[in-house]
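Down below is the structure, laid out as structure tokens.
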Number of protein chains: 2
Amino acid sequence: MSKESAPRSSLHERIRSDLEGKILSGAWPPGHRIPTEQELRTEYGCSRMTVNKVMTQLANAGLVLRRRKTGSIVMPQQSQNAVLEIKDIKDEVTAQGGTYRHEVVERVLRKAAPSEAGELGIEDGTEVLALTCLHYADEAPFCLEDRVINLEVAPAARTESFAELAPGVWLLRHIPWSEAEHTIAAVGASARVAKLLDLSAGTPCLVMERRTWRQGETVTEVRLTYPGAANRLSARFTPSAT
Amino acid sequence: MSKESAPRSSLHERIRSDLEGKILSGAWPPGHRIPTEQELRTEYGCSRMTVNKVMTQLANAGLVLRRRKTGSIVMPQQSQNAVLEIKDIKDEVTAQGGTYRHEVVERVLRKAAPSEAGELGIEDGTEVLALTCLHYADEAPFCLEDRVINLEVAPAARTESFAELAPGVWLLRHIPWSEAEHTIAAVGASARVAKLLDLSAGTPCLVMERRTWRQGETVTEVRLTYPGAANRLSARFTPSAT
DNA sequence: GAGTGGTCTAGACCACTTT
DNA sequence: AAGTGGTCTAGACCACTCA
């Protein structure tokens, strides 16, 4: 069997759009039973593999719930779980037309303190690199970066100055991560933060802490402090994950 | 051709894990050329469809870059773009073993003011429902919710008291969303916020604004204000999207 | 022109779940 | 026992891109 015409979008994409539309428009409300793969195959005049591909994608995206024997239904209860994209610092600035630069304020090679080792989930005395950087937008400091790098996982960082590439970007290029954890909070600026970011003490700041692992080993832990009023984290997204 | 044994995990899952391991461990560094589908087919002794399925997933997850003729490579530059999950307010509390309740402080049915209509991207005079709610954890207020609902899209909200279900959850159950946008910032508590959340004015607070659309129409806009010190948003995730 | 991925098919067997 | 999704195959044609 051969196909005949030039498909602007692929068949499974068109089927997917069609089904997504029915779900997101509310035409098929949560809990609504979706035709079986056999029925869809007939409806769209294609093979079962093709509709199966679409349904698998929709299930991964969390739009439908698939069950054997009873068939698939529209996901009964959409999760409020949503996701916020965290952008690269440089991109944040340049996207707004600003000029970006960063500066390494402090660079200390030392052994992990016991408390630190516990936090990082590494052994006492493991060598780490502690960095403090300032990120500037149009020559005004707008982000303070306090970072600890596990040299056991990222030995190449030992001799890296981070003058050209900021630590975050450098790490991404050299050490792929497999898992990460974020925490975001609002805190008043400490004396140190106030001085470095040129604020008055107590100014509300957005603090993001991120820890990154590669295959179970901690790669790095970083705290990014932004003056809260001037800078925002934002993102636009859809409920689909695929 | 038939299969013989009981696969603990499916074949494509095992192939995927294998390839992911090679990429995430660094054995295949960014830019490394991945065997062609033909080679993988031979290596794993399966059909091309199966390796194609795996490679498609890895490409969707952003781990590999696929190109015709030249073949696929490990994604040269992992994006720092990551995602932060935003959880349901009630789940946030109960996950920590607290007791949760909410209270509707104010409920006003009115026509959208011109400025508001502009923000929401709706027409002047569209009827909206403005809500103010307090969310309590163990009887202490921990989140202030200011919400506007577009009644044109969600007419059922007109007669809903939101006494049982908080507005966020109610909307999820009744009006599926297709797109959303988040913004997070740190601000000092205003007099109004301080009073409602029982804080002193100027206390750093985490403010999350979320706007939700369904098929291009604004469904709702909400501002959630959390005392910054006590509450944090956090999430754990992997770079894979699939 | 040749190599690669993108897509699709027709059919098959299996696993799970409900009846 | 029967219905449904989960997976896999062998083969095919096409589209894109490089040489």
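Order of the sequence lines fixes the chain letters, A, B, ..., with proteins taken first and strands second; residue numbering starts at 1 for each chain.
Among dC16(C), dT4(C), dG3(C), the nucleotide with an atom closest to any side-chain atom of Lys69(B) is dG3(C). Out of dG6(C), dT18(C), dC13(C), the shortest distance to the side chain of Arg48(A) is found at dC13(C). Checking dG3(D), dT9(C), dG6(D) against the side-chain heavy atoms of Leu11(A) singles out dT9(C) as nearest.
Atom pair Met49(B):CE and dA10(C):P shows a separation of 13 Å (rounding to whole Å applied). Atom NE2 in His12(B) sits about 10 Å away from atom C1' in dC8(D), given to the nearest Å. Rounded to a whole Å, the CG atom of Asn60(B) is 10 Å from the P atom of dG6(C). Look at CG on Leu65(B): it is 16 Å from P on dT4(C), rounded to the nearest Å. For Arg33(A) and dG5(D), the CZ to P distance is 7 Å, given to the nearest whole Å. Per the geometry, CZ belonging to Arg66(A) stands 13 Å off C1' belonging to dC16(C), to the nearest Å. To the nearest angstrom, C1' of dC8(D) lies 18 Å from CZ of Arg16(B). As a whole-Å value, the separation of Asn52(B) CG from dT9(C) P is 15 Å.
Within 4.0 Å (heavy atoms only), Arg67(B) reaches sugar-phosphate atoms of the nucleic acid but no base atom.
Inspection of the Thr99(A) and Asp138(A) side chains reveals an N or O donor paired with an N or O acceptor under 3.5 Å. In the model, Thr220(B) has a side-chain atom that pairs as donor or acceptor with a side-chain atom of Arg147(B) under 3.5 Å. In the model, Gln57(B) has a side-chain atom that pairs as donor or acceptor with a side-chain atom of Arg16(B) under 3.5 Å. A donor-acceptor contact under 3.5 angstrom links the side chains of His135(B) and Tyr100(B), judged on distance only.
The closest side-chain heavy-atom distance from His102(B) to Leu134(B) is not below 4.5 Å.
Here Ser10(A) does not reach the OP1 or OP2 of dG6(C): none of its side-chain N or O atoms lies under 4.0 Å away. For the OP1/OP2 pair of dG5(C) and a distance below 4.0 Å, the side-chain nitrogens and oxygens of Ser72(B) include at least one atom meeting the criterion.
Taking a 6.0 Å sphere around CZ of Arg66(B), one finds it holds more than 12 heavy atoms contributed by other residues, nucleotides or ligands.
Where Lys53(A) and Gly71(B) meet DNA chain C, the nucleotide closest to each residue was compared, and Gly71(B) sits on the side nearer the 5' end.
Near-neighbour residues of DNA chain C inside residues 36-47 of chain B, defined by a heavy atom below 4.0 Å, number-ordered: Thr36(B), Glu37(B).
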Please report, to 0.1 Å, the donor-acceptor pairs under 3.5 Å made by any side chain of residues 21-34 of chain B, with sequence neighbours excluded.
| residue | atom | partner | partner atom | Å |
| --- | --- | --- | --- | --- |
| Ser25(B) | OG | Gly21(B) | O | 2.8 |
| Ser25(B) | OG | Lys22(B) | O | 3.4 |
| Ser25(B) | OG | Ala27(B) | N | 3.2 |
| Arg33(B) | NE | Thr70(B) | O | 3.3 |

